[in-house]
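Counting starts at 1 for both ligands and their atoms, in listed order. In this text the structure is predicted, and so the values were computed from the model without any measurement.
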Amino acid sequence: MTGTVSLVGSGPGDPELLTVKAKRLLDDADVVLHDKLPGPEILDMIPEEKREDVGKRAGGEWTPQEYTNRRMVELAEEDKDVVRLKGGDPTVFGRGGEELVHLAENGIPVEVVPGITSAVAGPAVAGIPVTHRDHASSVSFVTGHEDPTKEESAVDWDALAATGGTIVVLMGVGKLPDYTTALREAGMDPDTPVALVERATWPGQQVATGTLDTIVDVRDEAGIEPPAITVIGEVAGQRDRVIEFLRTDYGEASDESRADGGDDDA
Ligand code: SAH
């Protein structure tokens, strides 16, 4: 007998943005393997005895991916129904693809349950549509985690600057100075609007806006920390047009809720 593994996206953090299917699988699971990215409110819904944290350990060390892979297989072979819960959508910068292949190669029945990715939801709740008929007919999702000056950068910032579409950067708080510089050097207008959305839909959501030129100072003044989304492009300017009437359920940060933000590679 073999249990199943469901690779489940939690959405950006608000429990009301879980899919109906994610909620059912969480309720029915024997074990939920998670990191911190699903956010405090969703993790609080899961009974302690079902939860296994495979994110950052005390002392700042990451649980090795090999451990998580091995643990999923082990639990399924013990006939457990496992939810591997990931922030946003499990296949967007979340190693979901790698885990899927690992499970299949080990003969474990596996299901992928899409979630609302923070790459779209983060901008959206801040009043920023990632595409717009007048401003952006394409959107690129990129990682900011790597060094844009390294020789074989996986992200071609020059090409991105030339597309004229929206650029959404995940894991991009720390390297913000590097890639905003790379985009300016590639000829992008320094006045291009940029927004940072920290902990989108979590209780302490924070949004800060500026331009390609000012956003690093804005980040520092506002104290923006991971996890956050960077939105670069004309669409980021849309927020100003709606801000007065934009309602969200998500309050301002308290010191306490800031504690577990994680790192850019979270
Ligand atoms: N699979 C996730 C992304 C994982 S990569 C998804 O689809 O959303 C981790 C990065 O996601 C973080 O560094 C941050 O850039 C972004 N992220 C995830 N949840 C977020 C949230 N609630 N608010 C802002 N950024 C978030």
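In this structure, Gly87 is part of the shell of residues with a heavy atom less than 4.0 angstrom from ligand 1. Ligand 1 lies within reach of Ala228, whose nearest heavy atom is under 4.0 Å from it. Not a single heavy atom of Thr201 lies less than 4.0 angstrom from ligand 1.
Per-residue contacts place Trp202 under 4.0 angstrom from the following atoms of ligand 1 (heavy atoms of the residue considered): 22 (N). The Val197 neighbourhood of ligand 1 comprises atoms 24 (C), with distances under 4.0 Å to a heavy atom of that residue. Atom numbering of ligand 1 starts at 1 in the shown order; those under 4.0 Å from a heavy atom of Pro12 are 22 (N). Each of the following atoms of ligand 1 lies closer than 4.0 Å to a heavy atom of Ser118: 6 (C), 7 (O), 8 (O), 11 (O), 16 (C), 17 (N), 18 (C), 19 (N), 20 (C), 26 (C). Near Arg199, with a cut-off below 4.0 Å to any heavy atom, the atoms of ligand 1 are 22 (N), 23 (N), 24 (C).
Evaluation of the ring-ring contact (aromatic ring centres under 6.0 Å, His included) test over residues 99-133, restricted to residues two or more places apart or in two chains, returns His132-His135.
On a distance-only criterion, Val92 and ligand 1 share at least one N/O pair closer than 3.5 Å. The distance criterion of under 3.5 Å between nitrogen or oxygen atoms is met by Ala200 with respect to ligand 1. On a distance-only criterion, Ala119 and ligand 1 share no N/O pair closer than 3.5 Å.
Scanning for salt bridge (charged side-chain N to carboxylate O under 4.0 Å, His left out) contacts around Glu185 gives an empty result, with sequence neighbours left out.
Between Glu74 and Lys80 there is no salt bridge, since none of the side-chain N atoms of the basic residue sits less than 4.0 Å from a carboxylate O of the acidic one.
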| message | Please determine whether side chain to side chain donor-acceptor pair (under 3.5 Å) holds for the pair Asp81 and Thr4, giving the CA-CA distance in whole Å, both sets of side-chain angles, and the decisive distance to 0.1 Å. | response | CA-CA 5 Å; Asp81 286 326; Thr4 58; 3.2 Å; yes
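At a threshold of 4.5 Å between side-chain heavy atoms, the hydrophobic network of Ile, Leu, Val, Met, Phe, Trp and Tyr places Val101 and Val73 in two separate groups. Val54 and Val112 fall within a single hydrophobic cluster, where Ile, Leu, Val, Met, Phe, Trp and Tyr are joined by side-chain heavy atoms under 4.5 Å apart, directly or via other members.
Of the residues Pro114, Ser118, Ser10, the one that meets the side chain to side chain contact (heavy atoms under 4.5 Å, CB included) test with Asp89 is Pro114.
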